[in-house]
Q: 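The structure that follows is given in the form of structure tokens.
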2 protein chains.
Amino acid sequence: MDKRTHIINTALNTFYQKGIHSVGINEILKLANVAKKTLYNHFVSKEELVCACLELRDQRFNEWLRNQIADCTTPQQVASALFSAIASWIDNKAPELGDFNGCFFINTAAEFPQSDHPIAMLCKAHKESVLQLLFDKLSHTEQLKGQLEKTIQLAQLLMTLKEGMICQARVTHSSNTLLQDPVLLRQLIASSL
Amino acid sequence: MDKRTHIINTALNTFYQKGIHSVGINEILKLANVAKKTLYNHFVSKEELVCACLELRDQRFNEWLRNQIADCTTPQQVASALFSAIASWIDNKAPELGDFNGCFFINTAAEFPQSDHPIAMLCKAHKESVLQLLFDKLSHTEQLKGQLEKTIQLAQLLMTLKEGMICQARVTHSSNTLLQDPVLLRQLIASSL
DNA sequence: ACATAAGTAGACCGACTTGTCTACGCTGCA
DNA sequence: TGCAGCGTAGACAAGTCGGTCTACTTATGT
């Protein structure tokens, strides 16, 4: 396999499970069975490696989410698919995303509080791209066609609920089945239509 | 002032703004104008100091939140007060909680991923105590008296929305006014009654 | 066949980390 | 008066970090 992508894969897994500051370059080298020179041949610094990990994660997560909501044609279906997808991820039934350890971007942003830091900016960019993804999907439904304002509102609401689910699960180490209740879901959607 | 609490105050402010791993003991010593021996006279290690910070923060945050929802007598009022309180915190209008930098407990938990670590357990405990606080308040309202199951559900939902608001604001550096819309709020509550 | 590139193993550097220890100053109490 | 006890200032130990560098090996392409 390509050395570069192999390094990024190993680093992403390790960073996601243990955080950035807690993982040294040497640990990644051992896990990847790669010499230090090889790593610094592909990346000028640890920071650049972290950025590559964030980009890969962004790509993978968005693709996964896009697939999860691919077949939805109504806002209700989008919301239902979204929340059950997140729930299955929390329950470690989404192997593409690795063992659940919260949102990699929120975790990483917590370690780099300066908002102008390149790493923090990538975390922000990810959240914007996910919001865009939800917005696009919702805006193609019959119920929301042409209703820009309401579509934005609903996408925002879904994002907030998604983040809440993930963060709660991360800290409490248990998944919240609340948002899979179809009755509650219908009410939630109704409030934005 | 008592040296010990002065150290904890300084440490809490600094850790909250910059994260735990990014802040060395020496930085705290300088900011607090305190000798190293004094610090290690009160705390056996950095970890113990971090724990003291978490406990102080838990105390302050819960007291603040309790005050914010003190006068509420209906679930709608609780939800409304909760979300506008969080929004004002995000907009740096809650001086008791310091300059907004997300949830200290979620940020800290992200830096200590091992769930059995004392620090991670304090973070989890905080979330449970906040949930309990909301549950207690809701269970004293006329509308939810005796309805244990529905009360738990609504408290959970409010928690999820609260976490979502905070995490989103942390990463995107902007507050989301969506949850202050009374219409949406009424629908939300209605789904749990 | 041989040059060039890319790999390995790991010593090494300087900066930084937590935590200990020495030497000394101030204050309050018997 | 004298002696604990708590404080300051900061050197120091022991270890980790990111990153560089040397010396050597392997693979590839003309």
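Letters A, B, ... mirror the listed sequences (proteins, then strands); counts begin at 1. Side chains are part of it too, since the values below use all heavy atoms of this structure and drop only hydrogens, waters and symmetry mates.
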Q: Please check if any side-chain donor atom of A/Gln132 sits under 3.5 Å from a side-chain acceptor atom of A/Asp136, or the reverse.
A: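 Yes, A/Asp136 and A/Gln132 have a side-chain donor paired with an acceptor closer than 3.5 Å.
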Q: Considering only side-chain heavy atoms of B/Lys36, which listed nucleotide, D/dG10, C/dA9, D/dG19, is closest?
A: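 Of the candidates, D/dG10 comes closest.
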Q: Taking atom types as modelled, is there a side-chain donor on A/Asn101 or A/Lys18 under 3.5 Å from an acceptor on the other?
A: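 No.
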Q: Measuring to OP1 and OP2 of C/dA9, would you say a side-chain N or O of A/Lys30 lies under 4.0 angstrom away?
A: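 Checking A/Lys30 against C/dA9: no side-chain N or O falls below 4.0 Å of OP1 or OP2.
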Q: Please give, in whole Å, the distance from D/dG18 C1' to A/His21 NE2?
A: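 In whole Å, D/dG18 C1' lies 13 Å from A/His21 NE2.
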Q: Among D/dG18, C/dT8, C/dT18, which nucleotide sits nearest the side chain of A/Val34?
A: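 Nucleotide nearest to A/Val34's side chain: C/dT8.
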Q: May I ask you to evaluate whether A/Thr38 reaches the phosphate of C/dT8, defined as a side-chain N or O under 4.0 Å from OP1 or OP2?
A: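 Answer is yes, contact under 4.0 Å.
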Q: Checking contacts here: which listed nucleotide (C/dG7, D/dG18, C/dT18) is nearest the side-chain heavy atoms of A/Ile25?
A: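 Comparing C/dG7, D/dG18, C/dT18 against the side chain of A/Ile25, the answer is D/dG18.
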Q: Just checking B/Val44: base, sugar-phosphate only, or nothing, at a heavy-atom cut-off of under 4.0 Å?
A: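 Nothing, no nucleic acid heavy atom in range.
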Q: Without decimals, in angstroms, what is the distance between A/Ile7 CD1 and C/dA6 P?
A: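 Checked: the CD1 to P distance equals 13 Å.
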Q: Expressed as a whole number of angstroms, how long is the span from B/Leu39:CG to C/dC21:P?
A: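 About 16 Å, once rounded to whole Å.
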Q: Could you point out which residue of A/Thr74, A/Ile152, A/Val78 forms a side chain to side chain contact (heavy atoms under 4.5 Å, CB included) with A/Leu138?
A: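 Going through A/Thr74, A/Ile152, A/Val78 one by one, the side chain to side chain contact (heavy atoms under 4.5 Å, CB included) with A/Leu138 is satisfied by A/Val78 alone.
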Q: Nearest of C/dT8, D/dT8, D/dG19 to any side-chain atom of B/Lys37?
A: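 Within the option list, the nearest is D/dT8.
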Q: What is the distance, to the nearest angstrom, from the CD1 atom on B/Ile20 to the P atom on C/dT17?
A: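 Between P of C/dT17 and CD1 of B/Ile20: 15 Å.
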Q: Decide if atom CG of A/Asp2 counts as having more than 12 heavy atoms of other residues, nucleotides or ligands within a radius under 6.0 Å.
A: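 Yes, the 6.0 Å shell around CG holds more than 12 heavy atoms from other groups.
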Q: Provide, to the nearest angstrom, the distance between the CG atom belonging to B/Asn41 and the P atom belonging to D/dA9.
A: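 Rounding to the nearest Å, CG of B/Asn41 and P of D/dA9 are 16 Å apart.
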Q: Given C/dG7, C/dA9, C/dT18, which nucleotide is nearest the side-chain atoms of A/Lys3?
A: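 So the side chain of A/Lys3 is nearest to C/dG7.
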Q: What's A/His42 touching, base or sugar-phosphate or nothing? Going by heavy atoms closer than 4.0 Å.
A: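 Contact class for A/His42: sugar-phosphate only.
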Q: With B/Pro75 as reference, evaluate B/Lys137, B/Glu142, B/Gln143 under the side chain to side chain contact (heavy atoms under 4.5 Å, CB included) test and give the passing residue.
A: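 Exactly one option meets the side chain to side chain contact (heavy atoms under 4.5 Å, CB included) with B/Pro75, and it is B/Gln143.
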Q: Mind checking B/Asn26 for me? I need base, sugar-phosphate or nothing, with any heavy atom below 4.0 Å counting as a touch.
A: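 Touches a base.
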